[in-house]
Amino acid sequence: MKPGDSLMKHYLQFKDFRAEEYAYLFERAALIKKRFKNYEKYTPLVDRTLAMIFEKASTRTRVSFEAGMYQMGGSVVHLTTGDSQLGRAEPIEDSARVISRMVDLVMIRTYEQAKLEAFAAHSRVPVINGLTNEFHPCQILADIFTFIEHRGSIEGKVVAWVGDGNNMANTWLQAAEILGFTVHVSTPSGYEVDPALAGIGNRSCYKTFKDPMDACRGAHLVTTDVWTSMGFEAENEQRRKAFADWCVDTDMMAVAQPDALFMHCLPAHRGEEVTAEVIDGPQSVVWDEAENRMHVQKVLMEYLLLGRIG
């Protein structure tokens, strides 16, 4: 696909792709990961450049995209808030027009989803959501791939979301609707998921529970996130009190399926949203999950730039 091609895709939220596209991406990610583990050189993105724009800092997002692009033979331009202030130094639309004439792909990690969408609307190249306040599709892409690696298809399974009704929760709901599983959501009062914001048409893909133990009951995967996401630090103490009963512990894991997995997108605060016994225990796959960000994003970049291979 060339810049300006009518088939050009962006990846701004999970529902941008169809179920059959995800089936391809997960299958392809397994192959790409196997090649990586076998030290097989694979460089389909030679002479391609990825621009990474960070208004929110991140260790995992930067390393996974940058290492992945280099492994695929491409190069990376890294821009932080000091280098490019979207919508401040110049209109977002102008930044998009300029940057997208010089690179082949743009990843943006920012605050409002509206900023990302404004950039994509004026970009000549594909744009990837590296995280916004509303959605985190690359993380859920990695999480579902990790589940498939360990337990097979996620279709028909139950995922328990314990904690804040945040960008991760919104994205899990979108994934459930597309891929045919159910999310059990338990959040403190006042921190619920907004299905309208998540963009869910089928409300049957999730259920809400006041008690997190009930949400975890029978779940195949239990997952959570920090209580205070980046940008909400002023609410930290208030949130610590509100979320006190939403710490994933061994009791919650005990009522899930016997072979249930635990995931966390990291960074984690042991003793807050999850106990050390759980995140460092045998059911935790958080390190595989973190590594898999790189593998699924490599496939995502390949797909956005080259389409289906084979």
Side-chain angles (χ1 to χ4, degrees), residues 1 3-5 7-18 21-22 25 49-62 64-66 68-69 76-143 164-175 178 193-194 196-200 225 229-232 265 293 296-297 300-301 303-305:
M1 284 177 276
D5 192 322
L7 296 176
M8 185 182 78
K9 289 176 175 286
H10 299 298
Y11 194 56
L12 309 183
Q13 48 186 302
F14 201 88
K15 67 178 184 179
D16 284 345
F17 289 173
R18 305 181 309 277
E21 290 178 283
Y22 282 113
L25 291 174
T49 302
L50 165 70
M52 302 192 302
I53 302 174
F54 286 92
E55 290 201 310
K56 282 188 175 185
S58 170
T59 303
R60 274 156 294 280
T61 297
R62 178 175 178 181
S64 59
F65 270 106
E66 193 161 338
M69 191 61 172
V76 177
V77 176
H78 177 241
L79 300 170
T80 62
T81 303
D83 304 313
S84 71
Q85 298 183 334
L86 290 182
R88 296 185 206 122
E90 67 177 348
I92 292 172
E93 295 81 0
D94 291 358
S95 295
R97 290 182 178 108
V98 172
I99 293 170
S100 67
R101 282 173 176 258
M102 300 177 181
V103 301
D104 303 283
L105 192 61
V106 178
M107 185 284 296
I108 301 177
R109 185 179 171 96
T110 188
Y111 292 89
E112 301 87 3
Q113 181 78 9
K115 272 190 174 183
L116 180 77
E117 291 176 354
F119 191 103
H122 294 85
S123 174
R124 291 159 54 112
V125 301
V127 176
I128 297 171
N129 181 352
L131 174 142
T132 61
N133 288 345
E134 293 86 351
F135 302 108
H136 198 358
C138 289
Q139 183 64 56
I140 302 305
L141 192 64
D143 292 1
D164 192 14
N166 63 8
N167 51 5
M168 287 285 291
N170 290 336
T171 309
W172 270 116
L173 262 57
Q174 288 193 352
I178 294 165
V193 173
D194 179 354
L197 175 61
I200 299 303
D225 193 3
S229 296
M230 196 178 295
F232 297 90
C265 59
R293 279 286 300 278
V296 297
Q297 287 165 188
L300 177 62
M301 291 188 290
Y303 180 60
L304 291 173
L305 289 173

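Proximity of Gln139 to Thr171: side-chain heavy atoms (C-beta onward) are nowhere separated by under 4.5 Å. Within the 4.5 Å cutoff, side-chain heavy atoms of Val127 are placed close to those of Ile108. Residues Val296 and Leu25 have side chains not in contact (no heavy-atom distance under 4.5 Å, counting atoms from C-beta outward).
There is a side-chain donor-acceptor pair under 3.5 Å between Asn133 and Lys56.
The minimum heavy-atom distance between Phe17 and Ile178, with the atom names listed, is O-CD1, 3.9 Å. Nearest heavy atoms, Met168 versus Asn166: N-OD1, 3.0 Å. Looking at every heavy atom in both residues, Ala169 comes nearest to Asp164 through CB-O, 3.9 Å. The minimum heavy-atom distance linking His10 with Asp16 is given by the pair O-OD2, 3.8 Å. The minimum heavy-atom distance between Ile200 and Gln174, with the atom names listed, is CD1-N, 3.5 Å. Nearest heavy atom pair, residue Lys9 against residue Leu304, reads O-CD2, 3.6 Å.
In this structure, CG in Leu131 is found 10.0 Å from OH in Tyr111, a value given to the nearest 0.5 Å. The CE atom of Met8 sits 10.0 Å away from atom CZ of Arg124, with the distance rounded to the nearest 0.5 Å.
By the salt bridge (charged side-chain N to carboxylate O under 4.0 Å, His left out) test, Asp225 pairs with no residue at all, sequence neighbours left out. Checked against side chain to side chain contact (heavy atoms under 4.5 Å, CB included), Cys138 has the following partners two or more places apart in sequence or in another chain: Tyr11, Phe65, Ile128, Arg293, Gln297, Leu300. Evaluation of the salt bridge (charged side-chain N to carboxylate O under 4.0 Å, His left out) rule for Arg62 yields Glu66 as partners, not counting sequence neighbours. Scanning for side chain to side chain contact (heavy atoms under 4.5 Å, CB included) contacts around Arg97 gives Glu93, Asp94, His122, with sequence neighbours left out. Listed by chain and residue number, Thr49, Leu79 satisfy the side chain to side chain contact (heavy atoms under 4.5 Å, CB included) test with Val77 (two or more places apart in sequence, or in another chain). By the side chain to side chain donor-acceptor pair (under 3.5 Å) test, Asn170 pairs with no residue at all, sequence neighbours left out. Residues passing the side chain to side chain contact (heavy atoms under 4.5 Å, CB included) test with Glu117, sequence neighbours excluded: Leu12, Gln13, Gln113.
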Report the C-alpha separation of Thr132 and Asn167 in whole Å, then their side-chain angles, then the decisive distance to 0.1 Å, and conclude whether the side chain to side chain contact (heavy atoms under 4.5 Å, CB included) test is met. CA-CA 7 Å; Thr132 61; Asn167 51 5; 5.6 Å; no
Please step through side chain to side chain contact (heavy atoms under 4.5 Å, CB included) for the pair Phe14 and Leu173, ending with a clear verdict. CA-CA 9 Å; Phe14 201 88; Leu173 262 57; over 6 Å; no
Can you check side chain to side chain contact (heavy atoms under 4.5 Å, CB included) on Met107 and Thr61, steps first, answer last? CA-CA 10 Å; Met107 185 284 296; Thr61 297; 3.8 Å; yes
Step by step, work out the side chain to side chain contact (heavy atoms under 4.5 Å, CB included) result for Thr110 and Phe119. CA-CA 11 Å; Thr110 188; Phe119 191 103; over 6 Å; no
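Of the possible polar contacts, none joining the Ser123 side chain to the Ser100 backbone as a donor-acceptor pair under 3.5 Å is found.
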